Protein chains: 4
Amino acid sequence: METQRGSEVWLQNNLFDEIIAYAKETSLKQSAKQKKILEVAIDMFAKKGYSNTSTAEIAKRAEVSEGTIFKHYGTKDKMLFSIIFPFIKSALPSLANEVFREIFTEKTATFEDFLMAFFKNRTQFIIENRQIFQVVVKELIYREELRNELLSLFQENITPRINQVVDYFKAQGKLIQLPNEMILKVLFTFIGGFFISNFVWLNRSTVSDDEVKTAVRFVMHGLSSSNEGSE
Amino acid sequence: METQRGSEVWLQNNLFDEIIAYAKETSLKQSAKQKKILEVAIDMFAKKGYSNTSTAEIAKRAEVSEGTIFKHYGTKDKMLFSIIFPFIKSALPSLANEVFREIFTEKTATFEDFLMAFFKNRTQFIIENRQIFQVVVKELIYREELRNELLSLFQENITPRINQVVDYFKAQGKLIQLPNEMILKVLFTFIGGFFISNFVWLNRSTVSDDEVKTAVRFVMHGLSSSNEGSE
Amino acid sequence: METQRGSEVWLQNNLFDEIIAYAKETSLKQSAKQKKILEVAIDMFAKKGYSNTSTAEIAKRAEVSEGTIFKHYGTKDKMLFSIIFPFIKSALPSLANEVFREIFTEKTATFEDFLMAFFKNRTQFIIENRQIFQVVVKELIYREELRNELLSLFQENITPRINQVVDYFKAQGKLIQLPNEMILKVLFTFIGGFFISNFVWLNRSTVSDDEVKTAVRFVMHGLSSSNEGSE
Amino acid sequence: METQRGSEVWLQNNLFDEIIAYAKETSLKQSAKQKKILEVAIDMFAKKGYSNTSTAEIAKRAEVSEGTIFKHYGTKDKMLFSIIFPFIKSALPSLANEVFREIFTEKTATFEDFLMAFFKNRTQFIIENRQIFQVVVKELIYREELRNELLSLFQENITPRINQVVDYFKAQGKLIQLPNEMILKVLFTFIGGFFISNFVWLNRSTVSDDEVKTAVRFVMHGLSSSNEGSE
DNA sequence: CATGAATGAGACTTCATTCAT
DNA sequence: CATGAATGAAGTCTCATTCAT
C-alpha cells in the first residue's frame, strides 16, 4: 500500500533519532488548533484504528479544514507518528532512567517491592496516556518495521537494566535460578498481557491496588497453594 | 465507515447463532474456488489486515473474478466472518467439550498436568490455524461489538468449566485460596499473552516443549526462588 | 512533483521496449469506452496541456466515471504515455524504414526530390495525428527524461539514414561540403520549425503544396537571388 | 481551469496597453523582495513550467511569506505576466526600433550582413534572458489568446520593418523574387526554430559564432552545393 | 507592510459493489 | 455460474488565495 510504503521509507533512519526530532518539532509551538487536531486524531485512532479513520472525519470533529491538517502534518502517516513517537520517547527512556532509579533504590528490599513499584509507575503512565497507548498497540500489530525498531530499542534500553535487577535479586537467592532470558520472557508476557488486556482490550480507565497486588503476587508465586509462601 | 456500520447491523442477532449458521453454510458446499478465495483472504488479512486488503487483490491472487467473490460472500465483511466464525466455533466449543474431557480425565493428577495438557492442546490448534488466529486477534481489536460477544461466549461456555477445574484442585489444597475470578484473570492474562506474543506479535510458527514447561512452571510457582517448590 | 517523479521511475527501462509493450497492450482489446476516453484525453491534452486537464473533466466529456479511467490506465501519467508512446513508435521506426525506402528509391534524382517526398510524407502523417503531435510536442518541452530518450532514438534510428542520403548526394556534388552534423542541424531546425509552427503553434490542419515547395526551395537555395539557382 | 479563466478575463483589454502598464508598475518600485520573488519564479517556471510550480515553493525559495507574493502580484497569473510582459515589451519594441537602426545602418551592405547582425543581437538578448525566454515559449504554447495577441503585435510592429529591409535588398537584386509573405514565413520558421531548439529544447547557454555563420549561410544559400555561391 | 495559519475547491486515486454478458 | 467492465462514493493530498495579527 502506498501509505505504508511511504512510511517505511520514512523509517529508514534510526527510529530513535526520529522520535527525538519529531517530539521537538511537534511538542513545541503547537497552536490550539494543532492540539485539537491531535486530540481528535488520537481519540479516533484509538477507537477505530488508523486505517478506519478518515482525515475528513478528523477535520470535521476538530472543526478545521482538511487543508489545515495537511498543512501541519504533511501526510496522514506523519500525523500518526507525531502521536506515536513522542509517546515511545517518553515511555522508553524515562522507563530506563528515572523510573529505574526511583523504583530500585527506595527501600526495595525484595523483587516483589520492585515489581510493585514498577507496576504502579507504569500503570499510572499508561492510564494518563491510555488512548495513545491504544493507538500504539493497535498500529504496532500492523507495522512490522516499527515493531522491530521498538524491539531493538527495548533490547538496548530496558533489557540491560532489568537484567541488573534480576541478577541482583538472584544473587540474594530471592529469584528462581533460570536463565535471565527465560525470566524476562515470562515476565514481559505477563506484564504486556496485563497492560494490553486491561487498557486496550477491556479499555479500562483504572485498576485497583488489589488487582496490582494480585498480579505481583502471581508473578512471584504463581497459582500454587502458598502453604510456605511469603505473603 | 460504511463497512463497519454494515457489519454492526449484521451482528444485531446473536453471534453464536450466526456462527453456527455460517459454519454450516461455509464448511459444506465449499467449492475449490471458494477455498482458494478464503485461503488467499486469510493470508492477506493476516499479513496486512482486513482494511488494508482490497477485494481486487484477493480476486487476482485467487485467480477468480471480483464478481465471483461477491457471488459467494455478498460483502467483504461477510467474507471476514466466514473466516472468523468457524474458527471461533471450533476454538470455543471444542475447548468447552472435547478438550476439557480429553485433558482433564487423563491422569491429570495436578493442576500443573492440566495446564500442560491445555497449553499443548491449544498451542497445536493455534499453530495449525495460525493465520486465522492472527486475523481474529487483529480484527477483534477493532470491533468492540464482536469482542463483547466473544467475551459473553467465553463467560457462558468456558468460564464455568475452568471454575470446576479450579474448584477441584482448590479442594485438594493444591491451588491458592483466592476468588476464582482473580485466579482466572491472571491465568487468562498470561495464557492470552503467551499465545498472542508468540503467534501474532512474533509470528512464530512453533514453540518448544521447554518454553511451554517454563510457562507452566511460571504459572504455578512464579519467579520466586523455589527452595520449597515442587519442581 | 509526485506525478513526475512517478513517471521517471516508470521510465527507467528502455523507452523503446515500453513503447512496444504499451502499444500492444493498448491498441488491442480496446473497448468503445476506452477509445472514447483516449479520444477525449488527446483532444484536451492537445488543447490545454496535460497538467491543465483534470481526470474529472476527461471522465465527464467521455461520459464515463472517473473510476473507469483509472481501471484502464491506472494513473493519469500512464494514460498520457498510452497516447505518446504508440505515436512515437509509429512515427520513428516507420520513418526509418518504409519512409526511407519509399522516398529514397523512387526516382529521387536530387536531394530536392528526396526532401519533397519526405516533407509530403511526414506532413500527411502529422496531419493525420495532429492532436497527438501537439500533445507530444507540448509534453516533451517539460519532460527532460522523455526528451533525451527521444533524442537517443533519433540518433540511433534516423540520423544514420539521413547521413547515408546526405553522403550520397554530397558524393554527387549536389550538396554543400559541410560536416554532416552541421547540415543535419540546420535541416532539423528548419523541418522541426516547419512542423511545429504550422501544426502546433498555428494549429493549421493543412498546408498547401506551394508552401511545401517554397520550404524545400528554401532549404536548397536559401533566400539569395537565384540568378544561378535551378528553380 | 480557474487560473486560465482568470487570465482570460484579465486579458480582455488590449495586451499592449497592459504590457506598458505592467512594465511601468513592475520595473519602477521593485523592492529587493519583489526582485527575489520574480527571480525565483522565473527560475522555477523555466524549469518546471508554470502549472507545476506552486506559490508555496516560490515563497519558500524566495524566503518570503506566501502573503507577500499575493500582496505584490494579486494572483499567480499576474505574477506570470509580470515576467512575460516586460520581456515581450523589450523584445518587440526594441526589436522594432533600436535594433533595426543599429543593425541596418552600420555598413550592412548585404542581407547576409543584416541577418548576421540580427542573429547576433537577438542571440545575445535571449542568452541574457534565457530563462524568461523559456517561460514565454512554454506558456505561449498553452495560451492561445496570448499567442494571438503576440502575433498581432508582431504583424503591427515587426513585419513592416522587415518588409522594408526585404524590399530594400530585393530592389538591389540580392534577394529572391518571392512574395514577402513567403520570405518572411520561411525566415521566421528558421529563426524561431534556431532560438527555440538551442535555448529551450537543448537549454544551451551559448552558441558559437560558427554556428551562427552556418545558420546565416543556410538562410542565404540553403544546402545546395555552392559552386556558384558567394561564400 | 509582512506574515503564515487557515481555508475550501478540486486534484488524483482506490475500492467495494453491481450487472450485462 | 463466472466474468470483468463500470460505477460513484469516499479517500488522501495540493494549492491559490484570504485575512487576522
Side-chain angles (χ1 to χ4, degrees), chain A residues 1-3 6 29 31-34 37 51-59 62-79, chain B residues 1-3 6 31 33 51-60 63-79, chain C residues 1-3 6 29 31-34 37 51-59 63-79, chain D residues 1-3 6 31 33-34 51-60 63-79:
Chain A
M1 201 194 315
E2 204 50 46
T3 312
K29 55 160 185 154
S31 70
K33 291 212 171 175
Q34 255 184 90
I37 291 169
S51 284
N52 301 320
T53 303
S54 74
T55 52
E57 209 177 342
I58 294 170
E63 289 170 306
V64 299
S65 70
E66 273 194 88
T68 301
I69 292 178
F70 287 93
K71 199 82 177 177
H72 284 307
Y73 300 102
T75 66
K76 197 186 164 195
D77 250 41
K78 284 187 184 168
M79 182 164 49
Chain B
M1 199 194 310
E2 205 48 48
T3 312
S31 68
K33 285 200 176 178
S51 286
N52 301 321
T53 303
S54 72
T55 52
E57 208 178 341
I58 294 170
K60 199 176 165 189
E63 290 170 306
V64 300
S65 69
E66 287 193 65
T68 302
I69 290 179
F70 286 90
K71 235 359 172 229
H72 283 308
Y73 299 102
T75 66
K76 194 187 167 193
D77 251 41
K78 285 186 184 170
M79 182 165 49
Chain C
M1 201 195 318
E2 207 49 48
T3 311
K29 55 157 187 163
S31 70
K33 291 211 172 177
Q34 255 183 93
I37 290 169
S51 285
N52 301 320
T53 303
S54 74
T55 52
E57 208 178 342
I58 294 170
E63 291 170 306
V64 299
S65 70
E66 274 194 86
T68 301
I69 292 178
F70 286 92
K71 200 80 177 179
H72 284 307
Y73 299 102
T75 65
K76 197 187 165 194
D77 249 42
K78 285 187 185 168
M79 181 163 50
Chain D
M1 203 194 312
E2 204 50 47
T3 311
S31 68
K33 286 198 176 179
Q34 269 187 76
S51 285
N52 301 320
T53 303
S54 72
T55 52
E57 209 178 340
I58 295 170
K60 198 175 165 191
E63 291 169 307
V64 300
S65 69
E66 286 194 63
T68 302
I69 290 178
F70 286 90
K71 228 15 167 223
H72 283 309
Y73 300 101
T75 67
K76 194 186 167 193
D77 251 40
K78 286 187 184 168
M79 182 164 51

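This one's a predicted model, so the numbers in the text were calculated from it and none came from an experiment. To find a chain, count down the sequence lines: A is the first, B the second, and so on, and within it residues start at 1.
Across the protein-nucleic acid pair, A/Y73 atom OH and E/dA5 atom P stand 12 Å apart, rounded to whole Å. Following rounding to the nearest Å, A/E63 (CD) and E/dG8 (P) show an atom-to-atom distance of 13 Å. Counting to the nearest Å, the C1' atom of E/dC12 and the CG atom of C/N52 are 15 Å from each other. Counting to the nearest Å, the P atom of E/dA11 and the CE atom of C/M79 are 13 Å from each other. In this structure, A/I69 atom CD1 and F/dT12 atom P are separated by 9 Å, rounded to whole Å. Residue A/I58 contributes atom CD1, which lies 11 Å from atom P of F/dC13 at whole-angstrom precision.
Comparing E/dT3, E/dT7, E/dA16 by their nearest atom to the side chain of A/K33 picks out E/dT7. Minimum atom distance to the side chain of B/H72 is reached by F/dA2, of the listed E/dA11, F/dA2, F/dT3. When distances run from any side-chain atom of C/K71 to the nucleotides E/dA16, E/dT7, E/dC12, the shortest one goes to E/dA16. When each of F/dC13, F/dA2, F/dC15 is scored by its nearest atom to the side-chain atoms of A/F70, the top-ranked nucleotide is F/dC13. Counting only heavy atoms from C-beta on, D/K76 has its side chain closest to F/dT17 among E/dT13, F/dT17, F/dT3.
Within the shown strands, E/dG8 is the pairing partner of F/dC15 under the Watson-Crick or G-U definition, both distances less than 3.5 Å. Across all strands shown, F/dC1 forms no Watson-Crick or G-U wobble pair with both distances under 3.5 Å.
The phosphate of F/dA6 has neither OP1 nor OP2 within less than 4.0 Å of any side-chain N or O from C/T68. Look at D/S65 and you'll find a side-chain N or O under 4.0 angstrom from OP1 or OP2 of E/dT3. Here A/K78 does not reach the OP1 or OP2 of F/dC13: none of its side-chain N or O atoms lies under 4.0 Å away. Using a 4.0 Å cut-off, no side-chain N or O of C/S54 falls inside it from OP1 or OP2 of E/dG10. For the pair A/T55 and F/dT12, the criterion of a side-chain N or O lying under 4.0 Å from OP1 or OP2 is met.
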inquiry  = side chain to side chain contact (heavy atoms under 4.5 Å, CB included), that's the test. Do B/I58 and B/E66 meet it? Break it down for me.
reply    = CA-CA 8 Å; B/I58 294 170; B/E66 287 193 65; over 6 Å; no
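Smallest separation of non-hydrogen atoms from D/Q34 and D/Y73: O-OH, 3.5 Å.
At least one side-chain heavy atom of C/T68 sits less than 4.5 Å from a side-chain heavy atom of C/H72. Side-chain contact between D/K76 and D/I69 is absent, with no heavy atoms from C-beta onward closer than 4.5 Å.
Between atom NZ of residue B/K33 and atom OG of residue B/S65 there is a gap of 7.0 Å, rounded to the nearest 0.5 Å.
Heavy-atom nearest nucleotides on DNA chain F were determined for D/G74 and for B/G67, and the one closer to the 5' end corresponds to B/G67. Residue order along DNA chain E, read from the 5' end via each residue's closest nucleotide, puts C/E66 first among C/E66 and B/A56.
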